[in-house]
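Ligands are counted one by one from 1 in listed order, and the atoms in each one are counted from 1 as well. Treat the numbers as computed from the prediction; the structure is a model and nothing was measured.
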Amino acid sequence: MSQTDFRTAALDALAKEVIPEQHFEFSMETARERFFNDTRMLDVKQDVHNRFRTNPTSMVGHMINNLALTGEEDLLDLGCGNAFVLEHLRPHLADGTITGLDVAPAVLEAARARMHGTATPCTWTEGSADDLSMLADDSFDRVMANYMIHYVPDLDRCFSEVRRVMRPGGIFQLTTDRPDSMLEMYQVHFTALKAMNAPAYLFKATPKGRLSLDNGAAQLSAHFETVKRVTWQDQLRFTDPAPFLRFYQVGHNHCCASSEPDERLDEAFFAELRERVAEQVAQAIKENGYFAVTKYTGSFLCS
Ligand SMILES: C[S@@+](CC[C@H](N)C(=O)[O-])C[C@H]1O[C@@H](n2cnc3c(N)ncnc32)[C@H](O)[C@@H]1O
């Protein structure tokens with residue numbers, strides 16, 4: 001058994017209380033120039049998600065299972081990042097090909113280095129997922145877009161482009177979160193912000209709210225005949241606040257509070273924020289043995 005259900009009535013009630021309706025919105029330029037101008041953010045997230053998970057099946061395992069690969073497919077990964085997912089997927093494509101596309105040259109270079117010397121032919125392309133004009137019609141059996149769609153400027157154009165480059169019978173897998181994913185992280189964050197009388201604009205949910213597991217089916221159904229949602233959960237459990245704080249600060253820019261430069265929020269502000277968050281995490285560890293961060297994520301499989 002690999003699916004684990006961490007959802008409880010208490011967590012659902014907490015989500016209603018904690019997660020704001022409005023979500024952050026970030027541009028592709030911010031992604032390219034700030035978040036992914038090196039691989040630090042991705043490295044920290046990938047490390048923590050894997051080292052502290054509870055579900056025996058990894059998220060990458062879930063994605064690979066969904067793709068139903070025979071080993072001979074041509075696969076396109078939109079927003080491939082540092083190829084962490086592709087590295088795990090590659091043995092399942094021994095006689096296929098991989099094309100990775102990303103808007104950020106730094107992570108694309110890391111992807112190239114990570115996959116260098118492997119036998120599956122790989123092509124790396126710099127560009128935005130809503131302009132695939134460099135790719136021919138009907139050239140891929142599988143297309144993926146994992147945790148990246150919220151950055152894409154024109155979603156309608158992106159989905160029509162995916163349709164165009166995907167062969168009939170292909171699968172487009174789009175992976176994203178529910179807006180209340182990692183709710184316990186948002187709870188300690190917003191509690192600390194409130195205690196500090198922080199500006200109102202910081203009280204926003206994850207930018208993935210733009211196309212989340214809750215609202216994505218409607219957006220995708222305009223472009224694909226079949227849209228199936230496959231959910232997946234996990235719970236990260238920390239018995240030491242330090243790795244969680246790295247995840248919170250470097251991996252998530254303090255739940256997006258430090259994502260954009262703002263002279264009103266200086267380093268002293270963020271130092272106090274981290275201290276207040278750390279206190280709550282340490283208290284939870286003392287009371288329960290660990291601090292839990294519950295993930296509600298999953299994929300849309302479109303054809
Ligand atoms: C959170 S990372 C996800 C990376 C990878 N898919 C994974 O799951 O590990 C988001 C990636 O999307 C890329 N990105 C942002 N906007 C993009 C766009 N318009 N087109 C292509 N890639 C984009 C970023 O540079 C970054 O590598």
Side-chain angles (χ1 to χ4, degrees), residues 23-50 53 58-64 66-67 75-90 98-115 122-135 140 142-162 165 172-177 181-182 206-213 232 234 247 250-253 255-256 259 295 297-300:
H23 59 79
F24 279 101
E25 284 184 41
F26 293 126
S27 67
M28 173 178 87
E29 288 73 23
T30 299
R32 185 176 54 217
E33 278 140 42
R34 287 182 59 77
F35 305 158
F36 305 107
N37 65 355
D38 61 34
T39 63
R40 226 162 75 97
M41 193 176 196
L42 283 173
D43 292 339
V44 167
K45 284 209 259 205
Q46 287 155 355
D47 173 55
V48 169
H49 280 301
N50 272 293
R53 69 185 157 90
S58 70
M59 183 60 208
V60 175
H62 159 87
M63 291 176 190
I64 294 171
N66 286 340
L67 289 172
L75 177 137
L76 169 65
D77 189 7
L78 301 174
C80 63
N82 59 356
F84 175 82
V85 176
L86 289 174
E87 180 181 42
H88 291 85
L89 193 144
R90 192 205 47 79
I98 289 175
T99 301
L101 177 140
D102 203 287
V103 79
V107 296
L108 204 56
E109 202 39 54
R112 189 195 302 276
R114 188 189 282 260
M115 302 291 276
C122 294
T123 306
W124 307 105
T125 303
E126 190 183 321
S128 178
D130 52 6
D131 178 5
L132 305 181
S133 50
M134 72 299 270
L135 302 173
F140 297 98
R142 299 289 183 271
V143 182
M144 304 195 296
N146 303 319
Y147 302 113
M148 61 75 68
I149 205 71
H150 49 289
Y151 294 118
V152 176
D154 187 339
L155 291 185
D156 278 331
R157 190 161 161 230
C158 171
F159 299 145
S160 332
E161 282 287 81
V162 170
V165 301
F172 172 43
Q173 169 162 256
L174 186 153
T175 304
T176 183
D177 282 344
S181 190
M182 302 198 280
T206 166
K208 297 193 189 81
R210 183 171 168 219
L211 194 157
S212 72
L213 274 189
W232 185 86
D234 201 353
F247 183 68
V250 182
H252 289 275
N253 283 336
C255 291
C256 300
S259 286
K295 288 167 55 176
T297 184
S299 307
F300 291 107

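- Looking at atom 12 (O) of ligand 1, its nearest protein heavy atom turns out to be M148 CB, 3.3 Å.
- Between T175 and H62 the shortest side-chain heavy-atom distance does not fall below 4.5 Å.
- At a 4.0 Å heavy-atom cut-off, ligand 1 touches F36 through the side chain alone.
- Residue contacts with ligand 1 for V107 involve side-chain atoms from C-beta outward but no N, CA, C or O (heavy atoms, distance under 4.0 Å).
- The aromatic rings of H252 and F247 sit perpendicular to each other, their planes meeting at more than 60°, with 30° as the lower class boundary.
- Where the criterion is an N or O separation shorter than 3.5 Å, residue side chain and backbone included, D102 meets it with respect to ligand 1.
- Atoms of ligand 1 lying under 4.0 Å from any heavy atom of A129, numbered from 1 in the order shown and given with element: 18 (C), 19 (N), 20 (N), 21 (C).
- Atoms of ligand 1 lying under 4.0 Å from any heavy atom of Q46, numbered from 1 in the order shown and given with element: 9 (O).
- Across N82, V85, T175, heavy-atom proximity to atom 7 (C) of ligand 1 is greatest for V85.
- Checked by atom type and distance alone, the side chain of S160 pairs as donor or acceptor with a backbone atom of D156 at under 3.5 Å.
- Counting the atoms of ligand 1 from 1 in the order shown, those under 4.0 Å from a heavy atom of C80 are 5 (C).
- Not a single heavy atom of R32 lies less than 4.0 angstrom from ligand 1.
- The closest protein non-hydrogen atom to atom 23 (C) of ligand 1 is V103 CG1, 3.6 Å.
- With a 4.0 Å heavy-atom cut-off, ligand 1 is reached by the side chain of L42 but not by its N, CA, C or O.
- A heavy-atom distance below 4.5 Å is not found between the side chains of F84 and H49.
- Remark: side-chain polar atoms of R34 are paired, donor with acceptor, to backbone N or O of S259 under 3.5 angstrom.
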Carefully, step by step, assess H150 and T206 under the rule side chain to side chain contact (heavy atoms under 4.5 Å, CB included). CA-CA 10 Å; H150 49 289; T206 166; over 6 Å; no
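- At a threshold of 4.5 Å between non-hydrogen side-chain atoms, the residues Y147 and M59 count as touching.
- The side-chain heavy atoms of R210 and L155, taken from C-beta on, include a pair separated by under 4.5 Å.
- Once rounded to the nearest 0.5 Å, the distance linking OG1 of T123 with CD1 of I98 reads 9.5 Å.
- Annotation: atom 16 (N) of ligand 1 to nearest protein heavy atom, Y151 CB, 3.2 Å.
- In this structure, Y147 is part of the shell of residues with a heavy atom less than 4.0 angstrom from ligand 1.
- Distances from atom 6 (N) of ligand 1 to the heavy atoms of A31, G79, G81 put G79 nearest.
- For ligand 1 and G127, the ligand atoms under 4.0 Å from any heavy atom of the residue are 20 (N), 21 (C).
- Checked by distance only, ligand 1 and S128 come closer than 3.5 Å through their nitrogen or oxygen atoms.
- Judged by distance alone, with hydrogens and angles left aside, the side-chain atoms of D102 form a donor-acceptor pair with the main-chain N or O of G81 at under 3.5 Å.
- Taking only non-hydrogen atoms, the option from N146, I149, N37 nearest to atom 3 (C) of ligand 1 is N146.
- Using a 4.5 Å heavy-atom threshold, the side chains of L174 and V162 count as separate.
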